[in-house]
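Throughout, residue positions are numbered sequentially from 1 according to the sequence presented. Counting convention: from 1, in listed order, for ligands and their atoms alike. Heavy-atom basis, side chains included; hydrogens, waters and symmetry copies ignored.
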Amino acid sequence: MSKKHSMLILPGDGIGPEAMVEVKKVVAWLTANKGIEFDISEDEVGGAAYDKYGTSLADHTLEKAKEVDAVMFGAVGGPKWDGVEYSLRPEAGLLKLRKELNLFANLRPALCFEPLVDASSLKPELVSGLDIMILRELTGGVYFGEPRGIEELTNGQRRGVNTQVYETYEIHRIGHVAFDLARKRNGKVTSSEKANVMESGLLWREEMELIAKDYPDVEYENMLADNCGMQLVRAPKQFDVIVTDNLFGDMLSDVAAMLTGSLGMLPSASLGEKGKGALYEPVHGSAPDIAGQGKANPIATILSFAMALRYTYDEGDAADLIENAVNEVLANDIRTADINQPGMTLVSTSEMGSHIVDAMEKLSN
Ligand code: NAD
């Protein structure tokens, strides 16, 4: 019998738990019908963990997260915890997880499902068939570089300082993730920086060019980050994998996300060194405005689980099946409120999950 895939489920707050119930339906179906077995543990994170343990990420939860193959994360936060001290707040639990698991590679796919081409702010022909991956370096760069701070100057002015800093090992490890991804996808890497005005950008470019030599089968190009932003909204289909630093990745991944429409559709993965640390989560937050009402779109969380199947569990066929099932359901005009349009069938969170499982069943026969 094949090994069970270990997974820690952290549903979190707000719509996180509702969406995670739908992931569990998909997991149960895969086990029953495809023999893919999981060793699942579950715990609290964020505000729910604060209420239970007095901290947004308990030590035993972190230990478990380090042991398992992958963490499935819902969302954290909400007005209930607005007054809580910064270091104990729900969001601090997620930041600590990312840091402690050393999740340096953030994968944000921008995949346009054909039935939703009209939801994009771009013309349908620009986004139809779109399938790109933004790979953002997550643990280095200007968000962490020293020195940093705000200082008072003797002339009465104040000075704000942040430092953009990258070392070769950081560029190499994210670079290899980019080229390995491109090999599994459409064989092209675009590396984006500002080598024309920043030394750290020049180093990034020189090192990426070195790494590219190890992957002669992958097409490689550099692109200045400002041009990359422009090209993403001009002709996004020219890209396959875009690899970039923490700051530019923060912006470019949000631009790419909006090419495909709704926040409720966007999955993500954050990966550490090979085989050590992986966290899968929807891009959206805990959406307190709709929590508990059956209005949440569970697709972003379900697609995050599909990414876990593809990138951690090596179950690419199951990942394809889930993505095809989502497409099938959308093609049948079944919609949660966030992606609904006149004339379509409005369904609840739970109904959307069940429709996806039904479509998996249908597509497997
Ligand atoms: P949000 O992503 O929670 O919601 C933004 C808007 O999008 C809301 O109107 C919401 O109803 C809608 N939305 C989001 N996901 C949806 C889904 N799956 N289906 C349907 N509609 C959806 O962002 P926010 O309102 O800025 O933040 C709410 C809370 O979430 C805050 O406490 C914030 O700190 C937290 N947050 C957490 C994460 C995370 O856990 N990774 C990320 C972002 C925000």
Side-chain angles (χ1 to χ4, degrees), residues 8-23 26 43-51 56-57 61 65 71-99 101 103 106-108 113 116 119 121 136 138 249-251 253-254 257-258 260-270 278-307 326 329-330 334-341 344 346-353 355-356:
L8 171 64
I9 295 185
L10 299 176
D13 309 318
I15 63 170
E18 300 165 47
M20 206 59 83
V21 168
E22 305 314 308
V23 169
V26 173
D43 206 343
E44 307 292 357
V45 71
Y50 179 78
D51 290 348
S56 52
L57 181 70
T61 316
V71 177
M72 264 306 300
F73 189 95
V76 291
K80 183 178 173 196
W81 303 281
D82 276 353
V84 173
E85 182 202 323
Y86 191 77
S87 66
L88 300 175
R89 286 179 72 121
E91 292 79 0
L94 176 58
L95 295 181
K96 189 171 175 190
L97 256 180
R98 286 180 181 155
K99 184 166 179 283
L101 296 179
L103 304 175
N106 182 229
L107 283 67
R108 293 257 303 252
F113 287 93
L116 293 185
S121 50
R136 167 187 172 193
L138 203 58
D250 198 357
M251 288 182 275
S253 61
D254 273 13
M258 273 303 104
T260 66
S262 164
L263 210 47
M265 297 291 302
L266 297 168
S268 80
S270 301
L279 183 137
Y280 296 88
E281 57 173 329
V283 168
H284 62 70
S286 58
D289 54 333
I290 57 166
Q293 301 169 36
K295 288 183 182 166
N297 185 348
I299 293 179
T301 312
I302 291 174
L303 291 177
S304 301
F305 173 63
M307 290 185 79
V326 168
V329 168
L330 297 173
I334 291 162
R335 299 282 194 275
T336 44
D338 57 315
I339 50 174
N340 196 22
Q341 285 171 326
M344 303 205 166
L346 178 64
V347 297
S348 67
T349 309
S350 163
E351 287 167 334
M352 179 55 95
H355 278 291
I356 291 169

### Message
Do Val347 and His355 make a side-chain contact, defined as non-hydrogen atoms from C-beta onward lying under 4.5 Å apart?
### Response
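Sidechains of His355 and Val347: in contact.
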### Query
Can you find a heavy atom in the side chain of Ser56 that is under 4.5 Å from one in the side chain of Leu88?
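No; the side chains remain at least 4.5 Å from each other.
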### Query
Does ligand 1 have any atom sitting under 4.0 Å from a heavy atom of Ala300?
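Distance cut 4.0 Å: Ala300 fails for ligand 1.
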### Task
Just jot down the ring-ring contact (aromatic ring centres under 6.0 Å, His included) partners of Tyr280, sequence neighbours excluded, or say none.
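Partners of Tyr280 by the ring-ring contact (aromatic ring centres under 6.0 Å, His included) criterion come out as none, since no residue qualifies.
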### Task
Quick one: look up the protein heavy atom nearest atom 25 (O) of ligand 1 and list residue, atom name and how far away it is.
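Closest protein heavy atom to atom 25 (O) of ligand 1: Pro288 CD, 4.7 Å.
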### Task
Please report which non-hydrogen protein atom sits nearest to atom 42 (C) of ligand 1, along with the residue it belongs to and the distance in Å to one decimal place.
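Ranking protein heavy atoms by distance from atom 42 (C) of ligand 1, first comes Gly285 CA, 3.5 Å.
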### Any protein heavy atom nearer than 4.0 Å to atom 32 (O) of ligand 1
yes
### Query
Looking at atom 27 (O) of ligand 1, would you say a protein heavy atom lies below 4.0 Å from it?
no
### Message
For atom 5 (C) of ligand 1, which of the options Leu263, Asp338, Val283, Val45 provides the nearest non-hydrogen atom?
### Response
Leu263
### Shortest heavy-atom approach to atom 22 (C) of ligand 1 - which of Ile290, Thr349, Asn297
Ile290
### Task
Could you tell me whether Asp338 and Lys295 have a side-chain N and a carboxylate O separated by less than 4.0 Å?
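So Asp338 does not pair with Lys295 through a salt bridge.
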### Task
Could you tell me which residues satisfy salt bridge (charged side-chain N to carboxylate O under 4.0 Å, His left out) with Asp250, sequence neighbours excluded, listed by chain and number?
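Partners of Asp250 under the salt bridge (charged side-chain N to carboxylate O under 4.0 Å, His left out) test: Arg136.
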Which atoms of ligand 1 have any heavy atom of [X] under 4.0 Å away?
{"X": "Ile15", "answer": "15 (N), 16 (C), 17 (C), 18 (N)"}
{"X": "Gly77", "answer": "32 (O)"}
{"X": "Ala287", "answer": "3 (O), 10 (C), 11 (O), 14 (C)"}

### Message
Between Thr349 (side chain only) and Pro298 (backbone N and O only), is there a donor and an acceptor less than 3.5 Å apart?
### Response
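The answer is no, because no donor-acceptor pair under 3.5 Å joins these two groups.
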### Query
Hey, is the main chain of Gly77 close enough, under 3.5 Å, to the side chain of Asp13 for a donor-acceptor pair?
yes
### Query
Does Ala19 approach ligand 1 within less than 4.0 angstrom via side chain, backbone, both or neither, non-hydrogen atoms only?
neither
